[in-house]
Amino acid sequence: MNIALDAMGGDFAPKVAVEGALLALEELSDKTSVTLVGKENEIKSLLEGVDYPTERLKIQHAEEVVGMHEHPAKSFSQKPDSSISVGFKLLKSKEANAFCSAGNTGSMMVHSLFVLKTYGGIQRPPIAGFFPLRNGKFNIMLDIGANADCKPELLQQFAELGSIYASLTLDIAKPRVALLNIGEEETKGSQVAQATYQLLKVDKKINFVGNIEGRDLFEDKADVVVTEGFTGNVIFKMGESLYEYANSQSIDDHLINRMNYEVVGGSPIIGVKGNVIVGHGISSALAIKNMILLAERQVDSGVNAKIADVFGE
């Protein structure tokens with residue numbers, strides 16, 4: 001297995017990307033390698049004097065860098081030799097099994113759509129997040145930022161994609177799927193939520209368990225939580241701020257600690273023809289390491305082959 005990493009992506013690149021890759025190599029399978037994609041001279045300077053397995057840490061030069069605030073579509077058309085573009089080329093050509101980046105999320109999404117494309121009839125791929133539960137486990141929440149406005153049919157696809165992802169990456173035979181809402185009753189919520197409920201309750205591809213309220217998110221009531229990207233993003237960023245506050249007050253709590261973005265390290269874009277993981281722009285070396293480890297687990301799970309079976313090529 002070869003995992004490509006955008007060495008130029010993130011606020012503290014390339015230093016933390018290189019450090020994170022070196023940390024990951026200590027925990028990855030001996031048969032897994034990492035390819036650092038970016039400016040070769042800068043990457044090599046960071047590796048000077050470092051003892052590492054040269055056969056498992058490679059460098060792929062990319063001359064250009066996509067800035068964190070650049071327009072995603074413009075970066076796609078105007079920077080064909082960016083570290084993101086080159087990373088996607090490696091993924092598309094099967095030279096890499098996964099591509100990870102803490103860089104411009106919008107650019108990652110645009111490249112996913114136009115370079116890899118989606119499986120079958122998937123309209124708009126979601127970004128999934130790992131949400132911590134009180135019992136020490138995680139569930140999958142999607143979308144957490146890619147699609148702010150969603151029609152019921154799109155949310156139904158998220159439910160099906162999330163169910164497949166949870167079954168293979170969390171090893172759950174029949175994942176429970178819930179719709180995030182303001183009440184448990186079928187008639188509660190917005191018009192979109194009510195219409196989505198009607199689609200999910202008759203969908204034979206999923207194990208739909210009804211609505212889930214915000215007060216129950218930390219309980220083990222669902223393995224997959226479906227919402228639109230606006231709400232999902234707000235929830236995850238509120239969790240990050242709660243961790244930051246608790247940490248500043250020296251509060252050590254097993255649930256709050258797992259709201260730290262570094263714990264999982266990244267979020268997969270689900271439904272595109274390749275394993276793509278996006279990380280936080282402020283990613284540390286620890287976050288980069290965990291993002292790479294997540295990519296390895298995702299490749300091993302074979303989740304994309306299952307999505308292809310369900311949705312078609």
Side-chain angles (χ1 to χ4, degrees), residues 109 112-113 116-131 133 138-236 267-273 276 298 301 303-313:
M109 181 62 74
S112 293
L113 288 169
L116 302 178
K117 299 183 172 41
T118 59
Y119 286 105
I122 296 174
Q123 300 172 40
R124 288 152 62 185
I127 297 176
F130 292 81
F131 193 84
L133 304 176
F138 287 91
N139 65 23
I140 304 295
M141 181 180 288
L142 67 174
D143 185 14
I144 64 164
N147 305 282
D149 297 295
C150 298
K151 295 180 179 179
E153 293 77 14
L154 191 58
L155 292 172
Q156 182 183 19
Q157 284 194 344
F158 292 174
E160 294 174 358
L161 288 168
S163 181
I164 294 170
Y165 193 89
S167 68
L168 292 173
T169 63
L170 301 181
D171 195 25
I172 302 171
K174 198 175 181 182
R176 298 160 297 169
V177 179
L179 178 66
L180 186 59
N181 209 331
I182 59 172
E184 294 183 355
E185 298 86 353
E186 184 174 338
T187 55
K188 282 291 183 74
S190 65
Q191 291 183 343
V192 170
Q194 292 180 46
T196 302
Y197 191 106
Q198 298 308 310
L199 293 177
L200 297 184
K201 75 174 185 178
V202 297
D203 191 334
K204 303 299 183 183
K205 296 178 182 177
I206 63 172
N207 174 27
F208 183 54
V209 295
N211 290 327
I212 187 171
E213 297 181 80
R215 63 184 295 171
D216 293 322
L217 281 177
F218 297 110
E219 308 300 328
D220 189 17
K221 291 190 173 183
D223 305 302
V224 178
V225 177
V226 177
T227 187
E228 86 296 330
F230 184 93
T231 301
N233 192 271
V234 169
I235 289 173
F236 264 76
S267 300
I269 299 176
I270 303 179
V272 296
K273 297 179 180 179
V276 181
Q298 182 168 314
S301 75
V303 64
N304 280 339
K306 181 62 175 179
I307 291 174
D309 286 342
V310 174
F311 287 90
E313 291 285 351

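Values in this document were obtained by computation on a predicted structure and should not be read as measured data.
- Formation of a donor-acceptor pair under 3.5 Å by the Lys273 side chain with backbone atoms of Glu313 is found in this model.
- Within the 3.5 Å criterion, the main-chain N or O of Ile144 finds a donor-acceptor partner in the side chain of Asn233.
- No more than 12 heavy atoms of other residues, nucleotides or ligands sit less than 6.0 Å from atom CD of Glu184.
- Residues Ile269 and Pro125 come closest through the heavy atom pair CG2-CB, 4.0 Å.
- Using a distance-only test at 3.5 Å, with no hydrogens or angles considered, a donor-acceptor pair links the side chain of Asp143 to the main chain of Ala146.
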Criterion side-chain contact (heavy atoms from CB on, under 4.5 Å) on Phe131 and Val225, from CA distance to verdict: CA-CA 9 Å; Phe131 193 84; Val225 177; over 6 Å; no

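- A distance of 6.0 Å separates CZ in Phe130 from CG in Leu170, rounded to the nearest 0.5 Å.
- Under the 3.5 Å distance criterion, with hydrogens and angles disregarded, a donor-acceptor pair is assigned to the side chains of Glu228 and Thr231.
- Taking 4.5 Å as the limit, every side-chain heavy atom of Gln191 sits out of range of all side-chain heavy atoms of Pro152.
- Between the side chain of Ser163 and the backbone N or O of Ala159 there is no donor-acceptor pair closer than 3.5 Å.
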Intermediate values then yes/no, side-chain contact (heavy atoms from CB on, under 4.5 Å), Cys150 and Phe158: CA-CA 10 Å; Cys150 298; Phe158 292 174; 3.8 Å; yes

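- Smallest separation of non-hydrogen atoms from Gly162 and Val224: O-CG2, 3.4 Å.
- When the ring pair (Phe, Tyr, Trp, His ring centres under 6.0 Å) test is applied to Phe230, no partner is found at least two apart in sequence or on another chain.
- Atoms CD1 and CD1, on Ile212 and Ile182 in that order, are 15.0 Å from each other to the nearest 0.5 Å.
- Residues Leu179 and Asn211 have side chains in contact (heavy-atom distance under 4.5 Å, counting atoms from C-beta outward).
- Sorted by first and then second residue, the ring pair (Phe, Tyr, Trp, His ring centres under 6.0 Å) pairs involving residues 159-195 (not counting sequence neighbours) form an empty list.
- Legend: residues meeting side chain to side chain contact (heavy atoms under 4.5 Å, CB included) with Lys306, ordered by chain and number and at least two apart, are Ile164, Leu168, Val310.
- Minimum interatomic distance between Asn207 and Lys174 (heavy atoms only, all atoms of both residues): ND2-O, 3.4 Å.
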Check against side-chain contact (heavy atoms from CB on, under 4.5 Å), Val303 and Ile270: CA-CA 9 Å; Val303 64; Ile270 303 179; 5.9 Å; no

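- Without hydrogens or angle criteria, Gln298 side chain to Pro268 main chain gives no donor-acceptor distance under 3.5 Å.
- Between Phe208 and the options Arg176, Lys201, Gln156, a side-chain contact (heavy atoms from CB on, under 4.5 Å) holds for only Lys201.
- Summarising the geometry, atom CD belonging to Gln198 is positioned 4.5 Å from atom CD belonging to Glu186; distances are rounded to the nearest 0.5 Å.
- Put simply, CG on Leu199 and CD on Glu160 are 9.5 Å apart, with the number rounded to the nearest 0.5 Å.
- Ser267 and Ala128 get closest at one heavy-atom pair: CB-O, 2.9 Å.
- When the shell of 6.0 Å around NZ of Lys117 is examined, it contains more than 12 heavy atoms from other residues, nucleotides or ligands.
- Residues Leu180 and Leu217 meet the side-chain proximity criterion, which asks for heavy atoms closer than 4.5 Å.
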Full working for side-chain contact (heavy atoms from CB on, under 4.5 Å) between Lys221 and Val209: CA-CA 9 Å; Lys221 291 190 173 183; Val209 295; over 6 Å; no

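- What you find for Asp223 and Asn139 is that their closest heavy atoms are O-CB, 3.2 Å.
- Atom NZ in Lys151 sits 9.5 Å away from atom CG in Leu154 (nearest 0.5 Å).
- The two atoms that bring Ser301 and Thr169 nearest to each other are OG-CG2, 3.7 Å, heavy atoms only.
- Once rounded to the nearest 0.5 Å, the distance linking CG of Leu116 with CG of Asn304 reads 9.5 Å.
- Geometric assessment of Lys205 against the ring of Phe311 yields a positive cation-pi assignment under the 6.0 Å and 45° thresholds.
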